[in-house]
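Below, each value reflects all heavy atoms present in this structure, side chains not excepted, and no hydrogens, waters or symmetry copies. Residues take their numbers from the sequence shown, with the count starting at 1. Bear in mind the structure is a predicted one, so any value in this text is a computation, not a measurement. In each ligand, atom 1 is the first atom listed, and ligand 1 is the first ligand listed.
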Amino acid sequence: MTILTRRSLIGVGAGGLLLSGCDKLSNSVGANDFVAKAESATYGWQRLIGRHALAQEFSVADISPVFKPNGSTNPKDDDYRRHVDEGFANWRLKIDGLVRKPMALSLADLRALPARTQITRHDCVEGWSTIGQWTGPQLGPLLKAAGLLPTAKYIVFHCADTYGGEISKGGAQSTGRYYESVDLVDAFHPQTIIAHTMRGQPLDVAHGAPCRMRIERQLGYKQAKYVMRIEAVDSFAKMELGKGGYWEDRGYEWYAGI
Ligand SMILES: Nc1nc2c(c(=O)[nH]1)N[C@H]1C(S)=C(S)[C@@H](COP(=O)(O)O)O[C@H]1N2
Ligand SMILES: [Mo]
């Protein structure tokens, strides 16, 4: 059939946007650049053997009966408490930094976007895994809509929670606020979604309400909960302790591939 041109294959829908985003990516960022920046062998190897590949997806029957909440499960931060009390009516997800058109999305806006549902395995470094079902818009098309600038190299997820009892370990320079970051390969990965729904229900506070990241090729601590702001940056050297994430600032690998 001749009607299946390349244009008709990649030109439509969110998947098409993603493909063309990734095409652009591999042209603008050379593999050498990534390998040079690699902080671990996994990062380099996964880049070479296919970081675009999908993480395994499971069936409804595989979903774990209980998805263990971990890390912050009920943030005490004033701003966050207010949003919970207001049912997130005044909450906005900001998308800003190195973008042409910064955005502020309400929860209704987020829910109105085309969404992807995926059943995946969550692996925590503490040594447990659990299978959950997540629904939410893909991050890639949103970044495109915000006009991600060519100078952007990383996407940072700023969270609402101060992780209890750990501030002191970060020293005076750290606010103790949870945050995370990924490169553009993971930001535009089709399974990288802003999940507002878990197993068909609005995301609860324990699991990151009103929205949390799912970045399925990486470990549990990359799955930022209570996301308030998504910032495109060219460096995170001057942010908190400079390693690109709360746990990274405390010694974990920045690239936590699985
Ligand atoms: N904002 C925020 N995100 C977070 C954490 C956290 O403490 N705060 N903990 C991380 C860790 S270590 C894990 S294993 C997962 C746990 O997600 P869950 O509570 O849905 O199981 O969230 C990750 N994201
Ligand atoms: Mo974790």
Visitor: Should N70 be counted as touching ligand 1, given the test is an N or O pair under 3.5 Å?
Guide: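 Indeed, backbone or side chain, N70 has an N or O that close.
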Visitor: Could you tell me whether some N/O pair between K68 and ligand 1 is separated by less than 3.5 angstrom?
Guide: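 Right, the criterion is met.
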Visitor: Mind checking whether Y246 contacts ligand 1 via backbone (N, CA, C, O), side chain (CB onward), both or neither, at a 4.0 Å heavy-atom cut-off?
Guide: neither
Visitor: Report, as yes or no, whether the 6.0 Å neighbourhood of atom NZ on K94 holds more than 12 heavy atoms from other residues, nucleotides or ligands.
Guide: no
Visitor: Can you pull out the closest protein heavy atom to atom 3 (N) of ligand 1? Residue, atom name and distance to 0.1 Å, please.
Guide: K225 N, 3.0 Å
Visitor: With atoms numbered from 1 as shown, which atoms in ligand 1 lie under 4.0 angstrom from a non-hydrogen atom of C124?
Guide: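 Here the atoms of ligand 1 in question are 14 (S).
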Visitor: Classify the ring geometry between Y154 and F236 as parallel (under 30°), tilted (30 to 60°) or perpendicular (over 60°).
Guide: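 Tilted.
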Visitor: Can you sort out which atoms of ligand 1 are near A206, meaning under 4.0 Å from one of its heavy atoms?
Guide: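 Close to A206: 19 (O).
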Visitor: Out of curiosity, D62 CG to Q56 CD, how far, rounded to the nearest 0.5 Å?
Guide: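 Atom-to-atom, D62:CG and Q56:CD are 8.5 Å apart.
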Visitor: Taking only heavy atoms of Y226 into account, list the atoms of ligand 1 that are under 4.0 Å away from them.
Guide: 1 (N)
Visitor: Does ligand 1 have an atom that lies less than 4.0 angstrom from a heavy atom of R212?
Guide: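 Contact present.
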Visitor: Ignoring angles and geometry beyond distance, decide whether Y221 reaches within less than 3.5 Å of ligand 1 through its nitrogen or oxygen atoms.
Guide: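 No.
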Visitor: Judging by distance only, is a nitrogen or oxygen of W134 under 3.5 angstrom from one on ligand 1?
Guide: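 No, since none of the N or O atoms of W134 sits under 3.5 Å from an N or O of ligand 1.
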Visitor: Can you confirm, on distance only, whether ligand 1 has an N/O atom lying under 3.5 Å from any N/O atom belonging to Q223?
Guide: yes
Visitor: Side chain, backbone, both or neither: which applies to H122 and ligand 1 if a contact is any heavy-atom pair less than 4.0 Å apart?
Guide: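 It is the side chain that gets close, since no backbone atom is under 4.0 Å.
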Visitor: Taking the cut-offs as 6.0 angstrom to the six-membered ring centre and 45 degrees off its axis, would you call R212 and W134 a cation-pi pair?
Guide: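 Cation-pi check for R212 and W134: passes.
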Visitor: Does P75 come within less than 4.0 Å of ligand 1, judged by its heavy atoms?
Guide: no
Visitor: Is the distance between the ring centroids of Y178 and Y246 less than 6.0 Å?
Guide: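 Under 6.0 Å, so yes.
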Visitor: Are D249 and Y179 linked by a side-chain donor-acceptor pair shorter than 3.5 Å?
Guide: yes
Visitor: Give me the nearest non-hydrogen protein atom to atom 8 (N) of ligand 1 as residue plus atom name, then the distance to 0.1 Å.
Guide: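 Of the protein heavy atoms, D161 OD2, 2.8 Å lies nearest.
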Visitor: Output yes when the distance from some N or O of ligand 1 to some N or O of S72 is under 3.5 Å, and no in every other case.
Guide: yes
Visitor: Assess, by modelled atom type and distance only, whether the side chains of T130 and S64 contain a donor and an acceptor separated by less than 3.5 Å.
Guide: yes
Visitor: Describe, in one word, how the ring planes of H83 and F88 are oriented to each other, choosing from parallel (under 30°), tilted (30 to 60°) and perpendicular (over 60°).
Guide: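 Ring orientation of H83 relative to F88: parallel.
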Visitor: Applying a heavy-atom cut-off of 4.0 Å, say which part of A160 lies close to ligand 1: side chain, backbone, both or neither.
Guide: neither
Visitor: What's the shortest distance from atom 23 (C) of ligand 1 to any protein heavy atom, and which residue and atom give it?
Guide: G220 O, 3.3 Å
Visitor: Look at atom 10 (C) of ligand 1 and say which protein heavy atom is nearest, naming residue and atom and giving the distance to 0.1 Å.
Guide: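 That would be Y178 OH, 3.4 Å.
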Visitor: Suppose I only count heavy atoms of H207 and a 4.0 Å limit; which atoms of ligand 1 are within that range?
Guide: 18 (P), 20 (O)
Visitor: Does the pair R82/D79 count as a salt bridge with the N-to-O cut at 4.0 Å?
Guide: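 Yes, R82 and D79 are salt-bridged.
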Visitor: Would you say D78 has more than 12 foreign heavy atoms packed within less than 6.0 Å of its CG?
Guide: no
Visitor: Calculate, to the nearest 0.5 Å, the distance between atoms CZ and NE2 belonging to R51 and H189 respectively.
Guide: 8.5 Å
Visitor: State, without any angle test, whether Q138 and Q191 hold a side-chain donor-acceptor pair at a distance under 3.5 Å.
Guide: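 No pair is found: no donor N or O on one side chain lies under 3.5 Å from an acceptor on the other.
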Visitor: Only heavy atoms of C159, strictly under 4.0 Å: list the atoms of ligand 1 that pass.
Guide: 1 (N)
